[in-house]
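Before any comments, here is the structure.
All heavy atoms count here, side chains included; hydrogens, waters and symmetry mates do not. Here the structure is a predicted model, which means the values were calculated and not measured.
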Amino acid sequence: MSNKNLDAYSQLIQALRILPNVGAKTAQRMAHVLLQQNREGAEKLAQALDNALKQVHNCALCNTFCEDELCYLCADKQRDKTRLMIVHMPADVVAMELARCHDGLYFVLMGYVNPTQNMDLSQIALDKLVARLSASTVSEIIIATSFTAEGDATAYIVSELLKEQPYKVSRLARGMPLGSELEYVDAGTLAQAVYERQLLQENKEM
Ligand SMILES: [Zn+2]
């Protein structure tokens, strides 16, 4: 049965299933909340989704979500443009900014490399990272991926990409709890992991 033959209720349930960890049962419960219990909330959700789809896109430099061509951090002339921190998600940028331990710029991969799924590189914005680095004044790169299997795999792929490149490269210190996502680590621990970052490769002459 093609999509256009489904009634609106079934289409909603099918659409909800694009969300992570939402199967048929959860999608049905969600549809019940939206259509039966909280139609006002559902209107707000529909409006917010519509607005976000029209207004939010990726920053031309760091790839995070923003509404202008550049995000507020990339547009800030006070930031140290020689230091670039590579993170998974926009939430990681927020966590780092709260920890006040990095005054350079960021690059947001927008995903993780999953070692149990054939290291699928299409899940991270490697091409954009290469383009970002080719037109920049970056000399030091800090790989700030999480200390999970996905974070380790992502850090490996990025460090391999940067090999033979003239950057000083480091990764966050292992002081962070194993299995932790950056956004759930407290600011003090995060700052310490940045200050004690582990050198992966020295700055090379071009
Ligand atoms: Zn940006």
Gap separating the [atom1] atom of [X] from the [atom2] atom of [Y], nearest 0.5 angstrom:
X: K128; Y: L126; atom1: NZ; atom2: CG; value: 12.0 Å
X: R132; Y: N63; atom1: CZ; atom2: CG; value: 11.0 Å
X: I86; Y: C62; atom1: CD1; atom2: SG; value: 12.0 Å
X: K81; Y: L105; atom1: NZ; atom2: CG; value: 5.5 Å
X: D92; Y: M85; atom1: CG; atom2: CE; value: 10.0 Å

Could you check whether any side-chain N or O of [X] sits under 3.5 Å from a backbone N or O of [Y], counting only pairs where one atom can act as donor and the other as acceptor?
X: D7; Y: Y9; answer: yes
X: R79; Y: H102; answer: yes
X: Q201; Y: Q165; answer: yes
X: D68; Y: L70; answer: no
X: D80; Y: G104; answer: no
X: R17; Y: Q14; answer: no
X: T64; Y: P90; answer: no
X: S159; Y: A155; answer: yes

Look at atom [atom1] of [X] and say whether more than 12 heavy atoms of other residues, nucleotides or ligands are closer to it than 6.0 Å.
X: D50; atom1: CG; result: yes
X: E160; atom1: CD; result: yes
X: K168; atom1: NZ; result: no

| remark: Applying side chain to side chain contact (heavy atoms under 4.5 Å, CB included) to C66 and not counting sequence neighbours gives H57, C59, C71

| field | Under the side chain to side chain contact (heavy atoms under 4.5 Å, CB included) test, residues paired with Q37 that sit two or more places apart | value | H32, V33

| note | Partner of L162 under side-chain contact (heavy atoms from CB on, under 4.5 Å), picked from L200, I157, I141, is I141

| field | L84 side chain reached by Y106 side chain, heavy atoms, under 4.5 Å | value | no

| Side-chain contact, heavy-atom cut-off 4.5 Å: E67 with V56? | yes

| For the student: nearest non-hydrogen atoms of S170 and L199, plus distance | CB-CA, 4.0 Å

| field | Salt-bridge present (D152, R171; N to O < 4.0 Å) | value | yes

